[in-house]
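Structure first, then comments.
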Amino acid sequence: MRLTRYFLPVLKENPAEAQIVSHRYMLRAGMIKQQAAGIYSWLPLGLRVLRRIETIVNEEQQRAGHIPLLMPTLQPADLWRESGRYDDYGDEMLRIKDRGGRDLLFGPTNEEMITDIFRSHVTSYKSLPLTLYHIQWKFRDELRPRFGVMRGREFLMKDGYNFDIDKDAALHAYNRHMVSYLRTYERMGLTAIPMRAASGPIGGDNTHEFLVLAATGESEVFFDSAVTELKLGARAVDYDDRAAVAAVCQEFTTLYARTDETHDPALFDAIPEARRKVARGIEVGQIFYFGTKYSEAMGATVVTAEGTRVPVEMGSHGIGVSRLLGAIIEASHDDKGIIWPEGVTPFPVGIVNLKQGDAGTDAACDGLYKALQLLGLEALYDDRDERAGAKFATMDLIGLPWRITVGPRGLANGVVEVTSRRTGVSEEMTAEAAVAKIAAIYDGV
RNA sequence: CGGAGCGUAGCGCAGUCUGGUAGCGCACCUGCUUCGGGAGCAGGGGGUCGGAGGUUCGAAUCCUCUCGCUCCGACCA
(Lines give C-alpha, C1' and ligand atoms only; values in the text may rest on other atoms or scores of the structure.)
Protein backbone atom coordinates (compact mmCIF):
# COMPACT_ATOMS: atom_id res chain seq x y z
CA MET A 1 0.00 0.00 0.00
CA ARG A 2 1.28 3.40 -0.97
CA LEU A 3 0.73 5.84 1.85
CA THR A 4 -0.35 8.62 -0.52
CA ARG A 5 -3.24 6.42 -1.63
CA TYR A 6 -4.12 5.09 1.79
CA PHE A 7 -6.35 6.51 4.52
CA LEU A 8 -4.17 6.95 7.59
CA PRO A 9 -5.25 10.01 9.55
CA VAL A 10 -2.44 10.22 12.12
CA LEU A 11 -2.55 12.84 14.85
CA LYS A 12 0.48 14.69 16.07
CA GLU A 13 -1.05 15.60 19.38
CA ASN A 14 -2.71 13.48 22.02
CA PRO A 15 -6.50 13.59 21.98
CA ALA A 16 -7.72 14.97 25.29
CA GLU A 17 -10.10 12.14 26.07
CA ALA A 18 -7.55 9.34 25.93
CA GLN A 19 -6.08 8.47 29.29
CA ILE A 20 -4.14 5.30 28.68
CA VAL A 21 -1.39 4.60 26.22
CA SER A 22 -3.22 2.09 24.02
CA HIS A 23 -6.19 4.42 23.61
CA ARG A 24 -3.92 7.37 22.81
CA TYR A 25 -1.90 5.48 20.25
CA MET A 26 -4.92 3.90 18.58
CA LEU A 27 -6.40 7.36 18.08
CA ARG A 28 -3.11 8.95 17.06
CA ALA A 29 -2.24 6.16 14.65
CA GLY A 30 -5.59 6.59 12.90
CA MET A 31 -6.86 3.13 13.87
CA ILE A 32 -10.19 4.05 15.45
CA LYS A 33 -12.60 6.95 15.74
CA GLN A 34 -15.00 7.26 18.60
CA GLN A 35 -18.66 7.64 17.59
CA ALA A 36 -20.26 7.56 21.03
CA ALA A 37 -19.20 6.48 24.51
CA GLY A 38 -17.69 3.04 24.10
CA ILE A 39 -18.57 2.79 20.40
CA TYR A 40 -15.91 3.08 17.69
CA SER A 41 -15.45 3.06 13.97
CA TRP A 42 -12.50 0.94 12.87
CA LEU A 43 -10.40 2.89 10.41
CA PRO A 44 -8.35 1.01 7.81
CA LEU A 45 -5.21 0.51 9.91
CA GLY A 46 -7.18 -0.61 12.97
CA LEU A 47 -9.30 -2.92 10.87
CA ARG A 48 -6.20 -4.62 9.46
CA VAL A 49 -5.00 -5.49 12.95
CA LEU A 50 -8.47 -6.57 14.03
CA ARG A 51 -8.64 -8.92 11.05
CA ARG A 52 -5.17 -10.31 11.82
CA ILE A 53 -6.27 -11.12 15.35
CA GLU A 54 -9.49 -12.68 14.10
CA THR A 55 -7.51 -14.81 11.68
CA ILE A 56 -5.28 -16.14 14.43
CA VAL A 57 -8.27 -16.87 16.66
CA ASN A 58 -10.03 -18.66 13.80
CA GLU A 59 -6.99 -20.73 12.91
CA GLU A 60 -6.39 -21.83 16.47
CA GLN A 61 -10.03 -22.64 17.12
CA GLN A 62 -10.24 -24.73 14.00
CA ARG A 63 -6.94 -26.41 14.83
CA ALA A 64 -8.60 -27.52 18.08
CA GLY A 65 -11.53 -28.94 16.12
CA HIS A 66 -14.00 -26.18 16.90
CA ILE A 67 -16.50 -25.26 14.20
CA PRO A 68 -17.32 -21.70 13.12
CA LEU A 69 -20.82 -20.41 12.52
CA LEU A 70 -22.36 -16.96 12.79
CA MET A 71 -25.27 -15.91 14.97
CA PRO A 72 -27.03 -12.54 14.69
CA THR A 73 -26.40 -9.49 16.84
CA LEU A 74 -30.13 -9.10 17.54
CA GLN A 75 -31.82 -11.84 19.49
CA PRO A 76 -35.45 -12.46 20.45
CA ALA A 77 -36.16 -11.89 24.13
CA ASP A 78 -38.11 -15.13 24.43
CA LEU A 79 -34.94 -17.24 24.36
CA TRP A 80 -33.65 -15.30 27.32
CA ARG A 81 -36.94 -15.66 29.16
CA GLU A 82 -36.49 -19.43 28.89
CA SER A 83 -33.14 -19.35 30.64
CA GLY A 84 -34.29 -16.78 33.16
CA ARG A 85 -31.59 -14.33 32.19
CA TYR A 86 -33.88 -11.78 30.54
CA ASP A 87 -34.69 -10.46 33.98
CA ASP A 88 -31.35 -11.31 35.62
CA TYR A 89 -29.11 -9.47 33.18
CA GLY A 90 -30.25 -6.00 34.18
CA ASP A 91 -29.57 -2.66 32.53
CA GLU A 92 -26.39 -3.88 30.89
CA MET A 93 -28.58 -5.57 28.29
CA LEU A 94 -29.68 -3.28 25.49
CA ARG A 95 -33.36 -3.99 24.89
CA ILE A 96 -35.10 -3.05 21.66
CA LYS A 97 -38.63 -3.33 20.34
CA ASP A 98 -39.33 -3.98 16.66
CA ARG A 99 -42.23 -2.38 14.76
CA GLY A 100 -44.55 -5.11 15.89
CA GLY A 101 -43.75 -4.41 19.53
CA ARG A 102 -41.80 -7.66 19.90
CA ASP A 103 -38.99 -7.61 22.44
CA LEU A 104 -35.50 -7.98 21.02
CA LEU A 105 -32.09 -7.45 22.52
CA PHE A 106 -28.60 -6.72 21.20
CA GLY A 107 -26.79 -9.87 22.26
CA PRO A 108 -24.29 -9.55 25.11
CA THR A 109 -23.42 -13.26 24.69
CA ASN A 110 -24.97 -16.29 23.03
CA GLU A 111 -25.52 -19.22 25.41
CA GLU A 112 -29.29 -19.18 24.86
CA MET A 113 -29.13 -18.90 21.10
CA ILE A 114 -26.52 -21.60 20.64
CA THR A 115 -28.50 -23.88 22.93
CA ASP A 116 -31.56 -23.23 20.78
CA ILE A 117 -29.64 -24.15 17.64
CA PHE A 118 -28.31 -27.26 19.29
CA ARG A 119 -31.68 -28.53 20.55
CA SER A 120 -33.26 -27.94 17.16
CA HIS A 121 -30.86 -30.21 15.34
CA VAL A 122 -29.02 -32.54 17.69
CA THR A 123 -30.79 -35.42 19.36
CA SER A 124 -28.23 -38.22 19.68
CA TYR A 125 -25.06 -38.82 21.63
CA LYS A 126 -23.55 -39.85 18.30
CA SER A 127 -23.39 -36.19 17.29
CA LEU A 128 -21.16 -35.39 20.24
CA PRO A 129 -18.71 -33.99 21.08
CA LEU A 130 -19.51 -30.71 19.33
CA THR A 131 -17.97 -27.28 19.81
CA LEU A 132 -19.38 -24.32 17.86
CA TYR A 133 -18.07 -20.80 17.96
CA HIS A 134 -18.44 -17.48 16.28
CA ILE A 135 -16.73 -14.11 16.21
CA GLN A 136 -19.43 -11.50 16.42
CA TRP A 137 -20.11 -8.02 17.77
CA LYS A 138 -21.56 -7.89 21.24
CA PHE A 139 -23.20 -5.07 23.09
CA ARG A 140 -23.15 -4.53 26.82
CA ASP A 141 -24.48 -1.22 28.01
CA GLU A 142 -21.70 -0.55 30.49
CA LEU A 143 -22.26 2.02 33.18
CA ARG A 144 -18.92 3.43 32.38
CA PRO A 145 -17.17 2.60 29.14
CA ARG A 146 -13.54 3.71 29.15
CA PHE A 147 -10.02 3.20 27.85
CA GLY A 148 -11.02 3.01 24.19
CA VAL A 149 -11.52 -0.50 22.93
CA MET A 150 -10.49 -1.98 26.27
CA ARG A 151 -13.94 -1.41 27.72
CA GLY A 152 -16.28 -0.52 24.93
CA ARG A 153 -20.00 -1.04 24.92
CA GLU A 154 -19.84 -2.57 21.46
CA PHE A 155 -17.00 -5.06 21.17
CA LEU A 156 -15.92 -7.98 19.04
CA MET A 157 -15.74 -11.27 20.85
CA LYS A 158 -15.06 -14.84 19.93
CA ASP A 159 -17.45 -16.97 21.91
CA GLY A 160 -17.48 -20.74 21.73
CA TYR A 161 -19.76 -23.36 23.23
CA ASN A 162 -19.06 -27.02 23.78
CA PHE A 163 -21.67 -29.77 23.95
CA ASP A 164 -20.64 -33.07 25.49
CA ILE A 165 -22.23 -36.27 26.70
CA ASP A 166 -20.80 -36.28 30.19
CA LYS A 167 -18.78 -34.22 32.60
CA ASP A 168 -15.42 -35.82 31.74
CA ALA A 169 -15.91 -35.03 28.08
CA ALA A 170 -16.97 -31.48 28.93
CA LEU A 171 -13.91 -30.98 31.10
CA HIS A 172 -11.76 -32.15 28.20
CA ALA A 173 -13.41 -29.46 26.10
CA TYR A 174 -12.56 -27.00 28.84
CA ASN A 175 -8.94 -28.11 28.81
CA ARG A 176 -8.81 -28.08 25.02
CA HIS A 177 -9.94 -24.47 25.08
CA MET A 178 -7.29 -23.60 27.61
CA VAL A 179 -4.52 -25.01 25.41
CA SER A 180 -5.91 -23.41 22.25
CA TYR A 181 -6.08 -20.07 24.03
CA LEU A 182 -2.49 -20.33 25.23
CA ARG A 183 -1.41 -20.93 21.66
CA THR A 184 -3.59 -18.11 20.37
CA TYR A 185 -2.13 -15.52 22.73
CA GLU A 186 1.44 -16.65 22.14
CA ARG A 187 0.98 -16.20 18.40
CA MET A 188 0.02 -12.60 19.12
CA GLY A 189 3.21 -12.04 21.05
CA LEU A 190 1.43 -11.98 24.39
CA THR A 191 2.02 -13.71 27.67
CA ALA A 192 -1.47 -14.42 28.97
CA ILE A 193 -1.63 -16.22 32.29
CA PRO A 194 -4.60 -18.45 33.08
CA MET A 195 -5.89 -17.55 36.53
CA ARG A 196 -8.58 -19.10 38.64
CA ALA A 197 -11.52 -16.73 38.55
CA ALA A 198 -15.05 -16.21 39.76
CA SER A 199 -17.85 -17.11 37.42
CA GLY A 200 -20.18 -14.10 37.47
CA PRO A 201 -23.53 -14.14 35.65
CA ILE A 202 -22.61 -16.97 33.29
CA GLY A 203 -22.61 -19.44 36.16
CA GLY A 204 -20.57 -22.57 36.79
CA ASP A 205 -17.75 -23.65 39.05
CA ASN A 206 -14.78 -24.21 36.77
CA THR A 207 -13.50 -21.06 35.24
CA HIS A 208 -10.18 -19.47 34.35
CA GLU A 209 -9.48 -15.99 33.12
CA PHE A 210 -6.51 -15.19 30.89
CA LEU A 211 -4.67 -12.12 32.04
CA VAL A 212 -2.08 -10.04 30.23
CA LEU A 213 0.12 -8.21 32.70
CA ALA A 214 0.00 -4.44 32.23
CA ALA A 215 0.19 -1.51 34.62
CA THR A 216 -3.13 -0.21 33.30
CA GLY A 217 -4.96 -3.51 33.81
CA GLU A 218 -8.32 -3.39 35.51
CA SER A 219 -7.81 -6.46 37.69
CA GLU A 220 -5.41 -6.88 40.56
CA VAL A 221 -3.58 -10.18 40.20
CA PHE A 222 -1.47 -12.29 42.52
CA PHE A 223 0.93 -14.86 41.13
CA ASP A 224 4.10 -16.87 41.41
CA SER A 225 6.53 -15.17 39.02
CA ALA A 226 7.53 -18.59 37.67
CA VAL A 227 4.24 -18.72 35.71
CA THR A 228 5.46 -15.96 33.45
CA GLU A 229 8.29 -18.25 32.30
CA LEU A 230 5.94 -20.95 31.02
CA LYS A 231 5.70 -21.18 27.24
CA LEU A 232 3.73 -23.49 25.03
CA GLY A 233 6.11 -22.77 22.16
CA ALA A 234 6.04 -24.90 19.05
CA ARG A 235 5.26 -28.15 20.83
CA ALA A 236 2.62 -30.31 19.14
CA VAL A 237 -0.39 -31.10 21.29
CA ASP A 238 -2.89 -33.68 20.10
CA TYR A 239 -6.21 -32.06 20.92
CA ASP A 240 -7.96 -35.44 20.93
CA ASP A 241 -5.59 -36.85 23.55
CA ARG A 242 -7.31 -36.08 26.85
CA ALA A 243 -4.29 -36.92 28.96
CA ALA A 244 -1.89 -34.84 26.88
CA VAL A 245 -4.21 -31.83 26.90
CA ALA A 246 -4.81 -32.19 30.63
CA ALA A 247 -1.07 -32.36 31.24
CA VAL A 248 -0.55 -29.00 29.55
CA CYS A 249 -3.33 -27.48 31.64
CA GLN A 250 -1.79 -28.98 34.75
CA GLU A 251 1.54 -27.39 33.82
CA PHE A 252 0.00 -23.96 33.38
CA THR A 253 -2.38 -23.96 36.35
CA THR A 254 -0.38 -25.55 39.15
CA LEU A 255 1.62 -22.50 40.14
CA TYR A 256 -0.33 -19.90 42.09
CA ALA A 257 -2.04 -17.33 39.85
CA ARG A 258 -5.31 -15.72 40.87
CA THR A 259 -7.26 -12.53 40.46
CA ASP A 260 -8.45 -10.52 43.44
CA GLU A 261 -11.81 -12.32 43.18
CA THR A 262 -10.37 -15.66 44.19
CA HIS A 263 -7.15 -14.61 45.90
CA ASP A 264 -6.18 -16.73 48.90
CA PRO A 265 -3.57 -14.94 51.05
CA ALA A 266 -2.61 -18.14 52.88
CA LEU A 267 -1.68 -19.95 49.66
CA PHE A 268 -0.03 -16.83 48.32
CA ASP A 269 2.19 -16.48 51.37
CA ALA A 270 3.45 -20.02 50.84
CA ILE A 271 5.21 -18.92 47.64
CA PRO A 272 8.91 -18.09 48.13
CA GLU A 273 9.02 -14.37 48.74
CA ALA A 274 11.20 -13.51 45.75
CA ARG A 275 8.61 -15.04 43.41
CA ARG A 276 5.54 -13.52 45.06
CA LYS A 277 4.13 -10.91 42.68
CA VAL A 278 1.22 -8.51 42.93
CA ALA A 279 0.47 -6.72 39.70
CA ARG A 280 -2.33 -5.63 37.42
CA GLY A 281 -3.72 -7.50 34.45
CA ILE A 282 -6.01 -7.10 31.45
CA GLU A 283 -8.52 -9.88 31.02
CA VAL A 284 -8.37 -11.07 27.41
CA GLY A 285 -10.34 -14.29 27.70
CA GLN A 286 -12.27 -16.58 29.97
CA ILE A 287 -13.32 -20.21 29.87
CA PHE A 288 -16.22 -21.77 31.78
CA TYR A 289 -17.55 -25.22 32.46
CA PHE A 290 -21.13 -24.89 33.63
CA GLY A 291 -22.61 -28.34 33.09
CA THR A 292 -26.34 -28.47 32.41
CA LYS A 293 -27.40 -25.00 33.52
CA TYR A 294 -28.69 -23.95 30.09
CA SER A 295 -29.42 -27.35 28.63
CA GLU A 296 -31.79 -28.17 31.49
CA ALA A 297 -33.52 -24.80 31.42
CA MET A 298 -33.96 -24.95 27.66
CA GLY A 299 -34.49 -28.66 27.09
CA ALA A 300 -31.31 -29.42 25.17
CA THR A 301 -31.09 -33.17 25.59
CA VAL A 302 -29.60 -36.10 23.72
CA VAL A 303 -30.40 -39.78 23.71
CA THR A 304 -27.59 -41.92 25.13
CA ALA A 305 -26.35 -45.30 23.92
CA GLU A 306 -28.57 -46.85 26.58
CA GLY A 307 -31.61 -45.11 25.18
CA THR A 308 -32.09 -42.66 28.03
CA ARG A 309 -32.42 -38.91 27.49
CA VAL A 310 -29.97 -36.61 29.31
CA PRO A 311 -29.35 -32.88 29.29
CA VAL A 312 -26.15 -32.09 27.44
CA GLU A 313 -23.03 -30.93 29.32
CA MET A 314 -21.85 -27.50 28.28
CA GLY A 315 -19.25 -24.84 28.70
CA SER A 316 -18.62 -21.47 27.11
CA HIS A 317 -15.38 -19.78 26.22
CA GLY A 318 -14.61 -16.24 25.18
CA ILE A 319 -11.79 -14.20 23.73
CA GLY A 320 -12.09 -10.41 23.68
CA VAL A 321 -10.97 -9.85 20.10
CA SER A 322 -11.29 -6.06 19.94
CA ARG A 323 -9.95 -5.68 23.46
CA LEU A 324 -6.82 -7.58 22.41
CA LEU A 325 -5.76 -4.62 20.26
CA GLY A 326 -5.55 -2.53 23.40
CA ALA A 327 -3.94 -5.27 25.43
CA ILE A 328 -1.23 -5.85 22.84
CA ILE A 329 -0.41 -2.14 22.68
CA GLU A 330 -0.34 -1.87 26.47
CA ALA A 331 2.14 -4.74 26.50
CA SER A 332 4.21 -3.56 23.52
CA HIS A 333 4.96 0.11 23.00
CA ASP A 334 7.48 2.83 23.79
CA ASP A 335 7.38 6.60 24.00
CA LYS A 336 7.36 6.92 20.20
CA GLY A 337 4.41 4.65 19.53
CA ILE A 338 3.19 1.13 19.07
CA ILE A 339 5.49 -1.86 18.52
CA TRP A 340 3.42 -4.56 16.80
CA PRO A 341 4.43 -8.18 17.22
CA GLU A 342 4.94 -9.78 13.79
CA GLY A 343 1.88 -11.97 14.29
CA VAL A 344 -0.62 -9.10 14.32
CA THR A 345 1.08 -6.20 12.56
CA PRO A 346 -1.12 -4.39 10.03
CA PHE A 347 1.71 -4.43 7.48
CA PRO A 348 4.78 -6.65 7.76
CA VAL A 349 7.20 -3.89 6.84
CA GLY A 350 7.35 -0.20 6.03
CA ILE A 351 9.39 1.33 3.24
CA VAL A 352 10.67 4.87 3.78
CA ASN A 353 11.84 6.78 0.74
CA LEU A 354 14.10 9.52 2.06
CA LYS A 355 14.09 11.52 -1.15
CA GLN A 356 10.75 11.23 -2.88
CA GLY A 357 11.02 12.32 -6.48
CA ASP A 358 14.64 11.23 -6.84
CA ALA A 359 14.83 8.79 -9.73
CA GLY A 360 17.21 6.48 -7.88
CA THR A 361 15.35 6.19 -4.57
CA ASP A 362 11.94 6.07 -6.27
CA ALA A 363 13.06 3.17 -8.46
CA ALA A 364 14.68 1.34 -5.57
CA CYS A 365 11.53 1.71 -3.43
CA ASP A 366 9.29 0.53 -6.25
CA GLY A 367 11.55 -2.46 -6.73
CA LEU A 368 11.48 -3.37 -3.04
CA TYR A 369 7.73 -2.95 -2.91
CA LYS A 370 7.15 -5.22 -5.87
CA ALA A 371 9.64 -7.83 -4.75
CA LEU A 372 7.94 -8.06 -1.34
CA GLN A 373 4.53 -8.20 -2.97
CA LEU A 374 5.57 -11.17 -5.08
CA LEU A 375 6.39 -12.98 -1.83
CA GLY A 376 2.93 -12.18 -0.44
CA LEU A 377 4.20 -9.42 1.84
CA GLU A 378 2.35 -6.14 1.51
CA ALA A 379 4.59 -3.30 2.57
CA LEU A 380 3.37 0.13 3.59
CA TYR A 381 5.39 2.41 1.34
CA ASP A 382 5.68 5.97 2.61
CA ASP A 383 5.83 7.76 -0.74
CA ARG A 384 4.75 11.13 0.63
CA ASP A 385 6.79 14.19 -0.21
CA GLU A 386 7.80 14.62 3.43
CA ARG A 387 11.06 15.05 5.22
CA ALA A 388 12.83 12.10 6.77
CA GLY A 389 11.89 13.04 10.31
CA ALA A 390 8.18 13.14 9.57
CA LYS A 391 8.32 9.77 7.84
CA PHE A 392 10.25 8.15 10.66
CA ALA A 393 7.89 9.58 13.25
CA THR A 394 4.87 8.18 11.41
CA MET A 395 6.46 4.75 11.06
CA ASP A 396 7.42 4.70 14.72
CA LEU A 397 3.93 5.74 15.77
CA ILE A 398 2.05 3.12 13.77
CA GLY A 399 4.55 0.52 14.95
CA LEU A 400 5.38 -1.68 11.98
CA PRO A 401 8.01 -4.08 13.35
CA TRP A 402 10.40 -3.63 10.41
CA ARG A 403 11.37 -0.66 8.31
CA ILE A 404 13.41 -0.49 5.13
CA THR A 405 14.95 2.94 4.64
CA VAL A 406 16.06 3.97 1.18
CA GLY A 407 18.21 7.06 0.73
CA PRO A 408 20.59 8.41 -1.90
CA ARG A 409 23.58 8.02 0.39
CA GLY A 410 23.01 4.30 0.91
CA LEU A 411 22.08 3.67 -2.70
CA ALA A 412 25.41 5.15 -3.79
CA ASN A 413 26.99 2.26 -1.88
CA GLY A 414 24.42 -0.23 -3.14
CA VAL A 415 22.66 -0.67 0.19
CA VAL A 416 19.40 0.03 2.00
CA GLU A 417 18.84 -0.03 5.73
CA VAL A 418 16.71 -2.54 7.64
CA THR A 419 15.63 -1.38 11.09
CA SER A 420 13.89 -3.24 13.88
CA ARG A 421 11.20 -1.15 15.53
CA ARG A 422 11.63 -3.10 18.76
CA THR A 423 15.36 -2.78 19.19
CA GLY A 424 16.06 0.23 16.98
CA VAL A 425 19.02 -1.63 15.53
CA SER A 426 19.72 -0.93 11.85
CA GLU A 427 21.63 -3.05 9.39
CA GLU A 428 22.80 -2.06 5.93
CA MET A 429 22.44 -4.60 3.13
CA THR A 430 21.53 -4.86 -0.51
CA ALA A 431 17.88 -4.54 -1.47
CA GLU A 432 17.80 -8.23 -2.36
CA ALA A 433 19.17 -9.16 1.04
CA ALA A 434 16.62 -6.89 2.73
CA VAL A 435 13.74 -8.62 0.94
CA ALA A 436 15.17 -12.01 1.86
CA LYS A 437 15.55 -10.97 5.49
CA ILE A 438 11.96 -9.75 5.77
CA ALA A 439 10.68 -12.87 4.04
CA ALA A 440 12.64 -15.05 6.44
CA ILE A 441 11.23 -13.21 9.46
CA TYR A 442 7.66 -13.76 8.29
CA ASP A 443 8.16 -17.33 7.17
CA GLY A 444 5.69 -19.28 9.30
CA VAL A 445 4.26 -16.28 11.16
C1' C B 1 -25.91 5.26 39.66
C1' G B 2 -22.88 8.65 43.61
C1' G B 3 -18.78 12.33 43.16
C1' A B 4 -15.74 15.71 39.95
C1' G B 5 -14.82 18.15 35.37
C1' C B 6 -15.14 19.54 30.27
C1' G B 7 -17.82 20.98 25.42
C1' U B 8 -14.70 27.52 21.32
C1' A B 9 -11.69 25.58 13.45
C1' G B 10 -9.81 18.65 11.77
C1' C B 11 -6.47 18.20 16.58
C1' G B 12 -4.43 20.67 21.15
C1' C B 13 -5.74 25.06 23.71
C1' A B 14 -6.51 30.65 25.32
C1' G B 15 -10.59 33.97 25.86
C1' U B 16 -15.69 33.12 30.31
C1' C B 17 -14.32 35.49 36.79
C1' U B 18 -14.55 41.63 35.35
C1' G B 19 -20.68 41.05 28.60
C1' G B 20 -18.78 45.04 23.45
C1' U B 21 -19.51 40.52 18.32
C1' A B 22 -13.41 35.23 18.44
C1' G B 23 -7.61 34.20 18.97
C1' C B 24 -2.91 31.04 19.22
C1' G B 25 -0.09 26.46 17.90
C1' C B 26 -0.39 22.16 14.84
C1' A B 27 -2.87 20.45 10.48
C1' C B 28 -4.74 22.24 5.48
C1' C B 29 -4.02 25.37 0.49
C1' U B 30 -0.29 28.51 -2.76
C1' G B 31 4.80 30.03 -3.68
C1' C B 32 10.05 29.99 -2.73
C1' U B 33 14.07 27.86 -0.12
C1' U B 34 15.16 23.39 2.42
C1' C B 35 15.60 17.89 2.66
C1' G B 36 18.86 11.06 7.28
C1' G B 37 14.56 12.10 13.03
C1' G B 38 7.82 15.77 13.15
C1' A B 39 11.89 22.42 8.35
C1' G B 40 11.97 28.06 7.40
C1' C B 41 9.86 32.38 5.24
C1' A B 42 5.74 34.78 2.81
C1' G B 43 0.69 34.60 1.59
C1' G B 44 -4.25 32.16 2.24
C1' G B 45 -8.88 29.32 3.61
C1' G B 46 -11.76 27.46 7.60
C1' G B 47 -15.41 28.42 13.52
C1' U B 48 -20.06 32.42 15.43
C1' C B 49 -18.22 29.41 20.59
C1' G B 50 -22.68 21.53 21.97
C1' G B 51 -28.28 22.72 21.76
C1' A B 52 -32.76 25.46 23.41
C1' G B 53 -34.77 29.32 26.11
C1' G B 54 -34.03 33.77 29.02
C1' U B 55 -31.64 38.59 30.92
C1' U B 56 -29.45 42.82 28.19
C1' C B 57 -28.88 48.14 23.63
C1' G B 58 -25.39 44.05 23.10
C1' A B 59 -23.99 37.13 25.29
C1' A B 60 -18.56 32.38 23.88
C1' U B 61 -18.87 35.28 28.54
C1' C B 62 -24.61 36.07 33.08
C1' C B 63 -29.25 32.77 34.36
C1' U B 64 -32.40 28.24 33.43
C1' C B 65 -33.11 23.76 31.06
C1' U B 66 -31.08 20.08 27.97
C1' C B 67 -27.64 16.92 25.15
C1' G B 68 -22.83 14.93 24.80
C1' C B 69 -17.99 13.50 26.48
C1' U B 70 -14.07 12.50 30.21
C1' C B 71 -12.16 11.16 35.05
C1' C B 72 -12.74 8.71 40.34
C1' G B 73 -16.00 4.99 42.69
C1' A B 74 -19.52 0.65 42.51
C1' C B 75 -20.15 -3.25 38.07
C1' C B 76 -17.91 -5.74 33.99
C1' A B 77 -15.16 -9.87 27.71
Side-chain angles (χ1 to χ4, degrees), chain A residues 9-20 23-24 27-28 30 33-39 57 89-93 107-110 135-160 181 192 197-202 207-212 217-219 259-261 281-288 316-327 336-337 352-358 361 382 384-397 403 405-412 416-417 419 424 426 428:
Chain A
V10 299
L11 304 174
K12 212 163 175 178
E13 286 172 288
N14 284 322
E17 76 269 18
Q19 297 300 310
I20 65 170
H23 191 194
R24 278 203 303 271
L27 290 167
R28 284 193 51 203
K33 163 148 178 33
Q34 181 169 346
Q35 305 293 167
I39 300 177
V57 170
Y89 222 93
D91 289 338
E92 223 174 84
M93 180 186 280
T109 177
N110 287 64
I135 296 177
Q136 176 64 293
W137 293 94
K138 305 292 188 288
F139 196 93
R140 296 184 190 173
D141 201 358
E142 296 278 345
L143 285 175
R144 193 171 155 233
R146 65 188 120 170
F147 304 150
V149 301
M150 299 275 275
R151 176 156 302 286
R153 290 193 292 172
E154 187 186 62
F155 59 98
L156 189 61
M157 180 165 113
K158 170 261 158 183
D159 44 323
Y181 280 23
S199 64
I202 306 231
T207 177
H208 281 83
E209 289 180 341
F210 290 78
L211 277 293
V212 172
E218 293 187 88
S219 315
T259 66
D260 48 7
E261 293 170 335
I282 300 165
E283 191 192 331
V284 293
Q286 188 161 11
I287 54 177
F288 298 91
S316 72
H317 317 276
I319 292 178
V321 173
S322 48
R323 170 179 286 186
L324 272 165
L325 283 268
K336 292 178 189 161
V352 168
N353 185 344
L354 289 177
K355 194 168 185 183
Q356 205 69 43
D358 174 89
T361 58
D382 190 344
R384 294 175 301 168
D385 185 18
E386 287 284 348
R387 296 160 64 89
K391 293 191 176 190
F392 290 147
T394 297
M395 283 293 173
D396 288 345
L397 174 63
R403 185 183 83 206
T405 308
V406 179
R409 205 173 67 200
L411 283 186
V416 299
E417 199 174 271
T419 307
S426 292
E428 292 194 334

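These values consider heavy atoms only, across backbone and side chains, with no hydrogens, waters or symmetry-generated copies. Within every chain, numbering begins at 1; the chains are lettered A, B, ... in the order of the sequence lines, protein sequences first and strands thereafter.
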Less than 4.0 angstrom between a side-chain N/O of [X] and OP1 or OP2 of [N], yes or no?
X	N	answer
A:Lys12	B:rA27	yes
A:Gln356	B:rC35	no
A:Arg387	B:rG38	no

Heavy atoms only, 4.0 Å cut-off, all strands: where does [X] land among base, sugar-phosphate and nothing?
X	answer
A:Gly38	nothing
A:Asn14	sugar-phosphate
A:Ala388	sugar-phosphate

Whole-Å [atom1] distance, [N] and [M]:
N	M	atom1	value
B:rC41	B:rA4	C1'	46 Å
B:rG47	B:rG3	P	40 Å
B:rU70	B:rC13	P	15 Å

**OP:** Both distances under 3.5 Å, Watson-Crick or G-U wobble: report the partner of B:rA4, or none.
**Re:** B:rU70
Quick check for you: among [options], whose closest atom lies nearest to any side-chain atom of [X]?
X	options	value
A:Arg146	B:rC72, B:rG12, B:rG38	B:rC72
A:Leu143	B:rC72, B:rG12, B:rC1	B:rC1
A:Leu397	B:rG38, B:rU70, B:rG37	B:rG38
A:Glu13	B:rC72, B:rC75, B:rC26	B:rC26
A:Ala16	B:rC75, B:rC13, B:rA74	B:rC13

**OP:** Spell out yes or no: do the side chain of A:Glu386 and the base of B:rG38 have one donor N/O and one acceptor N/O closer than 3.5 Å?
**Re:** no
Original post:
Within the modelled atom types, does a donor on one side and an acceptor on the other bring the side chain of A:Arg28 and the base of B:rG38 under 3.5 Å apart?
Top reply: yes
Original post:
Between A:Glu17 and A:Phe155, who's closer to the 5' end of RNA chain B by nearest nucleotide?
Top reply: A:Glu17
Original post:
When you match A:Gly152 and A:Thr394 each to their closest nucleotide on RNA chain B, which lands nearer the 5' end?
Top reply: A:Thr394
